[in-house]
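To start, the structure itself, in structure tokens.
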Amino acid sequence: MSLRPWSVVSHQWSEVVKKFEPQPLGSGLSNADFGMRSIRTSTEIRNPYWSCPLAYARGSEFFHTFSVLRGPRFVIFSWIIVLLLAGTTYAKDENYRFTLDFGYRWKSEVRGSEDLYRSQWNYGEGPKLFASDLVIAAPQGSNLYADRFELKMNSWGGEPYSTGQLRVVKAGIYELRFDYQNVQYFNAIPLFANPLFGQGNLQTQHKYDSSQRVSRLQLTLLPGERISPFFAYESAGRQGDVRTSLIADGDEFLLHSHLDTHSDDFRFGANFRLDKFSLLLEQGIRWYRDDTPFSASGFQGGNSSRKIFDRDIVLTHYFGKNNVDATVPFSTGVAAYHPFDSLLLRAKVTYSNADLDSSFSDQLAGVFFSLPLAAFYPSGGQQTTGAVKKPSLFGDFSIEWQPLENFRLLERVNVRRFHVAGTALTNSTFAPMEPLLQQGIIDRLQTARSFDTFLSLDFDSQELQGLVYLTPKLVVRLGHRFERKEIEIGERRSWDRNILIAGAAYDLSTRNRIAVDYEFGRTSEPILRIDPVDFQRLRLRGRLSPLQSLEVNGSVTLFHNDDDTAAIDFTSRNRDYSVQFNYTPARRVSLSAEYERSFIHSNILFIVPQTFLSDRSIFRERGDFANLFLSFLLARGTTLSLGYSVLGTVGNFPIGYHRPSAKLDIPLGDRFAAYAQWNFYDYNEKLNLFPQDYGAHLVIFGLRVTLEKR
């Protein structure tokens, strides 16, 4: 039976786990991505917020206290906090600013593929809170509890990406921050991995309709002081409907699932600030759990109509359950030392050690054929358990030294160590078996398989650059970067890469500048087939402002890559040209426009899986993008804005995309403004007989309110 567990087999885990690099909350950096890809199916079911897994078996009662911080309850919670604090005693000269942008969006019925429209835009209709911002500031010391309150809310009312931020500060005492994100993710591209697309079936077998909510709470004590401790908690969860495929013995079948993952993260640490030295130390732990079921009921003929020994392969029932629990302790240190005005030293080190336990079980019924056993069977199942450890080390060190007034030296060293070791045990059951090579029926057959695996990925880079200021307006730079990558999966392979770096920048005036950057690289041997081996990269940028009312920006980017390895013979050519300008010919008229043309050419050998013969994959594309925006200031402050964006490609996958827009802003006094906005989205593919084309009109009527006291 060729059924494979979903994200539980340790040797496949090692191939799909992305980097885990926690960022210190105290530094204001975002959380790390510790993602994992489905290894059960041909599609990807990601857990993009491995950030903060907190297993419910350990500590869930404590963290359940913060459940009010999730979902739409954030709105009520935030406003209650702000109103309670704002209602305390203030001095008479407190300042405030309140802005509100809300309205109603109408969406026409989507002409064509609504699945592709939702995959690319997913804007709906109804009442919307587009943006709001409340800031209350009191003179320092005049308020017992806080000096400043900030509340921001953007894109609420069923929008695909909603955010909220609350910040409360008492100068020199504390800073409390709360952030909330709600991402409505939809992906259902009819053409993607759909073997029945050519037969007119536009229902892709790989669909995601999920909601991902992330809440972050951080308390910093004594902000700005020499020692400033902080505590942080983050909660993330992703739930939603998923459609994917089951790779069974002899065929593939459609499965339905409800994605259910959750993670929690707790961090604490401190910032230390001295006159010439600063240090951040952070310790944290993450817990993660995944309880995702998969199911199918009713008769399915599968994706292939091919018979095996004159029998159809079919599925009548399936149920599987994936369970994953992980613990990820991590430590981070960030330091900066400025002993002299001419010397700056920086260092950042992060270490983590992920520990994952997983299990997977399933049962299926129908008609299947096991090629290794050369037998048909009507039902079966498997149970898999696995354990994985993944220590990781990331280091980033840099030096900036200016020994002379017109000479500066930059040195940077980057170290990454990524190791994965795991074990797994799989028990499979077939009942009953009908062998082709012997007579009779085997009532029940059980098999067991255990395996160990190890993967290591080590990457080191060292870069040295020197900058010479030939004149106050002209600077040139020359440098070298050395990279080494070693990977071990069964066997150990490595490559070395040397890159020459050169560049120059010249300031003709305060508004006119030109810069050029060049890289020339050579690699000993490729590890991946599309690794850049012998490459050149050139980028030319310029800014020109011949008139006070006119500014022109342009760039040219060229990238050439060659790999003459006999079994690969890979070449690629990427070129990009762009120009953008802003022009204000009169006080009431402004104009901005942009044009970009790109070329992508690639050519690589590959093995045809059906015949095991070599063939050549050739990709050609030329893309053109342009937009134009006009703004007119009419009577009494009314503004009319008109825009048009167009994208077109020719080559292997030609498409066309048009987006005209118009907006009218009408001020209603000093505090209010009304506006109306129209957008049209028109997407068309010049292949596939238009099954993925769509068109949609969106119309917004909105009102902006601004209240302030300074």
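Just so it is clear, the structure is predicted and the values come from calculations on it, not from any experiment. FYI, side chains are in, hydrogens and waters are out, and symmetry mates aren't considered; it's all heavy atoms of this structure.
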How long is the gap from CZ on Arg484 to OG on Ser524, to the nearest 0.5 Å?
8.5 Å
Gap separating the CZ atom of Phe559 from the CG atom of Asp576, nearest 0.5 angstrom
13.5 Å
With a 4.5 Å cut-off on side-chain heavy atoms, are Leu558 and Tyr577 touching?
yes
Step by step, work out the side chain to side chain contact (heavy atoms under 4.5 Å, CB included) result for Ser245 and His206.
CA-CA 7 Å; Ser245 59; His206 306 279; 3.3 Å; yes
Could you please spell out the steps behind the side chain to side chain contact (heavy atoms under 4.5 Å, CB included) verdict for Leu508 and Ile514?
CA-CA 8 Å; Leu508 290 82; Ile514 186 170; 4.1 Å; yes
Presence of salt bridge, Asp460 and Arg417, under 4.0 angstrom:
yes
Sorted by chain and number, sequence neighbours left out, side chain to side chain donor-acceptor pair (under 3.5 Å) with Asp562 holds for Arg573
Taking side chain to side chain donor-acceptor pair (under 3.5 Å) as the definition, give me every residue that meets it alongside Asn414, ordered by chain and number, with sequence neighbours left out.
Arg416
Check Asp496 with Arg522, please: is the shortest side-chain N to carboxylate O separation under 4.0 Å?
no
Pairing residues for Gln580 by the side chain to side chain contact (heavy atoms under 4.5 Å, CB included) criterion, not counting sequence neighbours:
Asn553, Asn582, Glu594
Hits for side chain to side chain contact (heavy atoms under 4.5 Å, CB included) against Ala502, two or more places apart or cross-chain, chain-then-number order -> Leu478
Using side-chain heavy atoms (C-beta onward) and a distance below 4.5 Å, is Pro329 in contact with Thr327?
yes
Salt-bridged, Glu234 to Arg267, with N to O below 4.0 Å?
no
Quick one: side chain to side chain contact (heavy atoms under 4.5 Å, CB included) partners of Ile499, sequence neighbours excluded?
Arg481, Glu483, Arg497, Ile501, Glu519, Phe535
Go through the structure and list residues passing side chain to side chain donor-acceptor pair (under 3.5 Å) with Tyr595, not counting sequence neighbours.
Arg597, Asp624
Plane angle bin for Trp121 and Tyr657 - parallel if under 30°, tilted between 30 and 60°, otherwise perpendicular:
parallel
My understanding is that only residues two or more places apart in sequence, or in another chain, count here; which of them pass salt bridge (Lys or Arg N to Asp or Glu O under 4.0 Å) with Asp396?
Arg412
Glu596: what forms a salt bridge (Lys or Arg N to Asp or Glu O under 4.0 Å) with it, not counting sequence neighbours?
none
Note, Gln212 side chain near Tyr185 side chain (heavy atom, < 4.5 Å):
no
In terms of ring plane angle, is the pair Phe266 and Phe268 parallel, tilted or perpendicular, where the classes change at 30° and 60°?
tilted
Atom pairs and distances, donor-acceptor, side-chain atoms in residues 564-572, under 3.5 Å, two or more places apart:
unit_1	atom_1	unit_2	atom_2	d
Thr565	OG1	Asp563	OD1	2.7
Asp569	OD2	Arg616	NH2	2.9

Can you tell which of Arg537, Arg477, Arg539 makes a side-chain hydrogen bond (donor to acceptor under 3.5 Å, both in side chains) with Asp517?
Arg477
For residues Thr204 and Ile189, determine if any side-chain heavy atom of one lies less than 4.5 Å from a side-chain heavy atom of the other.
no
Sidechain N-carboxylate O distance under 4.0 Å for Arg289, Asp325
no
Quick check: do Arg620 and Phe599 have side-chain heavy atoms less than 4.5 Å from each other?
no
Evaluate side chain to side chain contact (heavy atoms under 4.5 Å, CB included) for Asn182 paired with Gln184, printing each intermediate quantity in order.
CA-CA 7 Å; Asn182 185 357; Gln184 302 294 325; 3.0 Å; yes
Ser555 meets the side chain to side chain contact (heavy atoms under 4.5 Å, CB included) criterion, sequence neighbours left out, with Arg541, Ser578
Could you grab the distance from atom CZ of Phe192 to atom CG of Leu116, nearest 0.5 Å is fine?
13.5 Å
Could you list the residues that satisfy salt bridge (Lys or Arg N to Asp or Glu O under 4.0 Å) with Glu488, not counting sequence neighbours?
Arg492
Side chain to side chain donor-acceptor pair (under 3.5 Å) partners of Ser545, counting only residues at least two apart:
Arg511
How about Ile530: does its CD1 atom have over 12 heavy atoms from other parts shown lying under 6.0 Å from it?
no
For Glu400, does its backbone N or O pair with a side-chain atom of Glu411 as donor and acceptor, under 3.5 Å?
no
